[in-house]
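For clarity, every value in this text was computed on a predicted model and none was experimentally measured. Atoms considered below: every heavy atom in the structure, side chains included; atoms not considered: hydrogens, waters and symmetry mates.
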Amino acid sequence: MLLNQFLLLSALLFAMGVYGVLTRRNGVLVLMSVELILNAVNINLVAFGAFQDNVQGDVFAIFVIAVAAAEVGVGLAMVLLMYRNRRSIDFTEVDLMKG
Amino acid sequence: MTSALLLAQVEFDVAQNIAFAIIAAIMLISAFKMVTTGNVVHAALYLVIVLAASAAIFILLGSDFVGATQVLVYIGAIIVLFLFGIMLTKAQLGDDDSVEKEQRSMGALVGLLLFVVMAFALIDTFGTQEIEFGNPEPIAYVAEPVDANDLPTPVREALNISANSGTVEISEAQFATLLPEVQRRVPGAEVRGNNAQIADAIFSQYIIPFEAVSVLLLAALIGAVVVARKE
């Protein structure tokens, strides 16, 4: 199999994730799109690991999965806090620091 | 002989490529639906399909441990967190068309631009380089006298050892004549796969990042509780 077919798949997934982050207003959906981006990175890591025939790609992919779990936990806690304070999870309304 | 081997190689590759095409198609359609659907719960369920498809891609690449971790952590835990997040925030379950048309087209433009730039760079750099799936690691030979009675039947049959011939020792030359699937059943034979290498790497070379990740998870746990609890 070509290395590029995996890399292009992951690039497409990454671009879709970026589209989701940019267009979604619902906080939970933004976090889901971030997961899509992290997943694209994981496919890249594992593909390069297989390409170079070592396990470093796999090891880093596992670390990324662990960090993603932590990120989702804290991110959703923040979304919940925002919902409690404002009764809304629309990220475009959070513009306190807008110049 | 060579042409038969070559043909077998090609056939194998075709099967892998068909599997890749099916998985990639499912994955991309679901990902597109996920970022465009108006229903929040449907988006979470499409995310499940994307994550399962990428677990399949990992297994296709020979990283079965990462695939299993993906299923356990992402599909088992993170999706549940997302569904809880959706429930607890009473997000509108109907259509979420609140995004302005302008923002949508700008997002599409940025995504497309990113993809085009990355695709150009990737094709330019890696061209048609193949991923070589090397042969599985040879099974290590260990000299070990064993009772013929304890030998697995396939090993005995392959080496013409009768069950009541007392203690035997399989020589290296005999071991080399065995097929791999018989070799791995010889007592003391050491099979080392991808998983053993991952374990070795995590617990030796990457032990400090590993410990740091465990502290990070604890910090995230405490942080999430502190942030989300009621005053």
Side-chain angles (χ1 to χ4, degrees), chain A residues 1-9 11-20 22-29 31-33 35-36 39 42-43 46-47 49-51 53-59 61-63 65-74 76-81 83-84 89-90, chain B residues 13 16-17 20 24 28 31-32 35 40 43 47 50-51 54 57-58 61-63 65-66 69-70 73 77-78 81-82 85-86 88-89 91 96 98-99 103-104 107-108 110-111 114-115 118-119 122-123 126 128-131 134 194 197-198 201-202 206 209 213 216-217 220 223-224 227-228:
Chain A
M1 280 184 289
L2 295 179
L3 172 64
N4 250 341
Q5 66 194 59
F6 292 97
L7 300 186
L8 289 175
L9 172 71
L12 210 49
L13 211 59
F14 185 90
M16 283 183 188
V18 170
Y19 172 78
L22 289 179
T23 56
R24 292 295 197 181
R25 305 171 76 173
N26 185 325
V28 179
L29 287 173
L31 281 177
M32 279 189 212
S33 303
E35 290 310 299
L36 214 58
N39 220 56
N42 266 353
I43 291 176
V46 174
F51 179 62
D53 200 17
N54 60 31
V55 294
Q56 273 156 37
D58 292 12
V59 171
I62 291 166
F63 283 139
I65 290 175
V67 173
E71 173 249 320
V72 169
V74 177
L76 278 176
M78 287 164 72
V79 170
L80 285 186
L81 188 69
Y83 179 74
R84 239 199 335 265
I89 49 170
D90 188 340
Chain B
D13 236 343
Q16 282 179 326
N17 277 319
F20 175 83
L28 291 176
F32 182 75
V35 292
V40 186
L47 184 61
V50 175
L51 297 174
S54 72
I57 292 271
F58 295 153
L61 279 165
S63 306
F65 182 69
V66 184
T69 312
Q70 170 95 358
V73 176
I78 293 185
L81 263 183
F82 274 126
I86 292 169
L88 291 175
T89 53
D96 181 30
S98 44
V99 184
Q103 201 177 347
R104 197 166 282 204
V110 170
L114 255 176
F115 174 69
M118 282 193 287
L122 288 174
I123 291 170
F126 295 106
T128 55
Q129 291 188 48
E130 294 261 348
I131 299 180
N194 213 5
Q197 288 176 10
I198 292 176
I202 287 182
Y206 296 106
V213 162
L216 171 79
L217 284 173
V227 167

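Taking all atoms of both residues into account, the shortest heavy-atom contact from B/G85 to A/L76 is CA-CD2, 4.3 Å. Among all heavy-atom pairs drawn from A/N4 and B/L122, the shortest one is ND2-O, 3.4 Å. The two residues B/V213 and A/F63 make their nearest non-hydrogen contact at CG2-CD2, 3.6 Å. A/A66 approaches B/L217 most closely through the heavy-atom pair O-CD2, 3.7 Å. Contact record, A/A15 with B/F115: CB-CB, 3.8 Å, taken as the closest heavy-atom pair.
Both the backbone and the side chain of B/L61 come within contact range of chain A, each with at least one heavy atom under 4.5 Å from a heavy atom of that chain. Both the backbone and the side chain of B/V227 come within contact range of chain A, judged by heavy atoms closer than 4.5 Å. Interface residue B/A119: backbone and side-chain heavy atoms are both found under 4.5 Å from chain A. Proximity to chain A (any heavy atom under 4.5 Å) is restricted, for B/L114, to the side chain, taken from C-beta onward.
Of the possible polar contacts, none joining the B/Q197 side chain to the A/V55 backbone as a donor-acceptor pair under 3.5 Å is found. Here the side chain of A/R84 pairs a donor or acceptor atom with the backbone of B/A228 at under 3.5 angstrom. Using a distance-only test at 3.5 Å, with no hydrogens or angles considered, no donor-acceptor pair links the side chain of B/Q16 to the main chain of A/M1.
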Starting from the C-alpha separation in whole Å, work towards a yes-or-no answer on side-chain hydrogen bond (donor to acceptor under 3.5 Å, both in side chains) for A/N39 and B/Q70. CA-CA 9 Å; A/N39 220 56; B/Q70 170 95 358; 3.0 Å; yes
Please report the C-alpha distance between B/V35 and A/S33 in whole Å, then the side-chain angles of each, then the deciding distance to 0.1 Å, and finally whether the side-chain contact (heavy atoms from CB on, under 4.5 Å) criterion is met. CA-CA 7 Å; B/V35 292; A/S33 303; 4.3 Å; yes
Evaluate the criterion side-chain contact (heavy atoms from CB on, under 4.5 Å) for residue pair B/I131 and A/L2; output intermediate values, then yes/no. CA-CA 6 Å; B/I131 299 180; A/L2 295 179; over 6 Å; no
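Interatomic distance, CE of A/M32 versus CG of B/L51, reported as 10.5 Å (0.5 Å rounding). Separation of atoms CG (B/N17) and CD (A/Q5) is listed at 5.0 Å; rounding is to 0.5 Å. Distance check, rounded to the nearest 0.5 Å: CZ of A/F6 to CZ of B/F58 gives 10.5 Å. Between the CD1 atom of B/I78 and the CD atom of A/E35 there is a distance of 5.0 Å, given to the nearest 0.5 Å. The distance from atom CG of A/N26 to atom OG1 of B/T89, rounded to the nearest 0.5 Å, is 6.5 Å. One distance of note links CZ of B/R104 with OH of A/Y19; it measures 5.0 Å at 0.5 Å rounding.
Residues A/L13 and B/V50 meet the side-chain proximity criterion, which asks for heavy atoms closer than 4.5 Å.
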